[in-house]
Amino acid sequence: MPPDPLPDPMQAALIQARAAAEAGEIPVGAVVLGPDGSILAAAGNRTETDSDPTAHAEILALRHAAALRRSPRLPDCDLVVTLEPCPMCAHAISLFRVRRLIFGAYDPKGGGVDHGARIFDALSCHHRPDIVGGVRETECAALLRDFFQDKRQ
């Protein structure tokens, strides 16, 4: 019998984001959901911890899910992330062939989905997932806003 799907996958992503903030990372969290809705992988940002500017939550979660499935593509999986992915992560989402992208807060400055580069609208983009933005947007945005406000004090 498959595991019960998580009723609110964004909550799991928020848990990852909060853990990242506690570690001094920008609070972004991501989870990859398998075809049955169960969590295959979860991660928070680790750019500072890993000294790696590509260690965004989305990349880490997608890599882990792909490794578990032993496949570079995740066409029956969904990615849930607390912030609109940047252009790097959006392109990775396309390369992993993710079925659906669900994100929380919009990122007018650094986003690559609905803002900025709009990676999925580019002619060079080979795969465009279904996109659902603004899920628990207020909560996701508040986490980021509070983190940066604390940093400025």
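A quick note: this is a predicted structure, and the numbers were derived from the prediction, not measured.
In plain terms, the two heavy atoms of Pro27 and Ala21 that are nearest each other are CB-CB, 3.7 Å. For Gly112 against Ala90, the heavy-atom pair with the smallest separation is O-CB, 4.0 Å. Arg63 and Phe96 get closest at one heavy-atom pair: N-CZ, 4.0 Å. Arg136 approaches Gln11 most closely through the heavy-atom pair NH2-OE1, 2.9 Å. When all heavy atoms are compared, the tightest approach of Met88 to Ile59 is CE-CG1, 4.2 Å. Contact record, Val135 with Met10: O-CE, 3.7 Å, taken as the closest heavy-atom pair.
Annotation: the span from Gln153 atom CD to Phe148 atom CZ amounts to 14.0 Å, rounded to 0.5 Å. From Ile119, atom CD1 reaches atom OG of Ser124 across 7.0 Å, with rounding to the nearest 0.5 Å. To the nearest 0.5 Å, the span separating CD1 on Ile102 from CG on Asp130 amounts to 9.5 Å.
Side-chain polar atoms of Asp52 and Thr54 form a donor-acceptor pair below 3.5 angstrom.
Using a 4.5 Å heavy-atom cutoff, the side chains of Ser94 and Phe120 are in contact. Side-chain contact between His64 and Leu40 is absent, with no heavy-atom pair separated by less than 4.5 Å. Inter-residue side-chain proximity for Leu79 and Arg100 is flagged as unmet; no heavy-atom pair is nearer than 4.5 Å. At least one side-chain heavy atom of Thr47 sits under 4.5 Å from a side-chain heavy atom of His56.
Leu144 and Val113 fall within the same hydrophobic cluster, where Ile, Leu, Val, Met, Phe, Trp and Tyr residues are linked whenever their side-chain heavy atoms come under 4.5 Å apart, directly or through other members. In the hydrophobic clustering of ILVMFWY residues, with side-chain heavy atoms under 4.5 Å counting as a link, Leu33 and Val28 come out apart. At a threshold of 4.5 Å between side-chain heavy atoms, the hydrophobic network of Ile, Leu, Val, Met, Phe, Trp and Tyr places Val98 and Phe103 in one connected group. Grouping the Ile, Leu, Val, Met, Phe, Trp and Tyr side chains by contacts below 4.5 angstrom, directly or via other members, places Leu74 with Leu101. Tracing side-chain contacts under 4.5 Å through hydrophobic residues (I, L, V, M, F, W, Y), one reaches Ile131 starting from Leu83; they form part of the same cluster.
No donor-acceptor pair closer than 3.5 Å links the side chain of Glu58 to the backbone N or O of Val81. Although no hydrogens or angles enter the test, the distance criterion places a donor-acceptor pair under 3.5 Å between the side chain of Arg118 and the main chain of Asp114. The backbone N or O of Ala30 sits nowhere less than 3.5 Å from a side-chain atom of Gln16 that would complete a donor-acceptor pair. Checking side-chain atoms of Glu84 against main-chain N and O of His115 turns up a donor-acceptor pair under 3.5 Å. Without hydrogens or angle criteria, His126 side chain to Leu123 main chain gives no donor-acceptor distance under 3.5 Å. With hydrogens and angles ignored, the 3.5 Å screen pairs no side-chain donor or acceptor of Thr82 with any backbone N or O of Cys140.
The pair Arg18-Glu139 meets the salt-bridge criterion, with a side-chain N (NZ, NE, NH1 or NH2) lying under 4.0 Å from an Asp/Glu carboxylate O. Under the 4.0 Å criterion applied to side-chain N and carboxylate O atoms, Arg99 and Asp76 are not assigned as salt-bridge partners.
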Could you check Ile39 against Val32 for side-chain contact (heavy atoms from CB on, under 4.5 Å), going step by step and ending with a plain yes or no? CA-CA 6 Å; Ile39 295 176; Val32 177; over 6 Å; no
Stepwise side-chain contact (heavy atoms from CB on, under 4.5 Å) test for Arg69 and Cys77: CA-CA 11 Å; Arg69 297 188 77 196; Cys77 295; 2.8 Å; yes
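Counting heavy atoms of neighbouring residues, nucleotides and ligands inside a 6.0 Å radius, atom CD1 of Ile26 does not exceed 12 of them.
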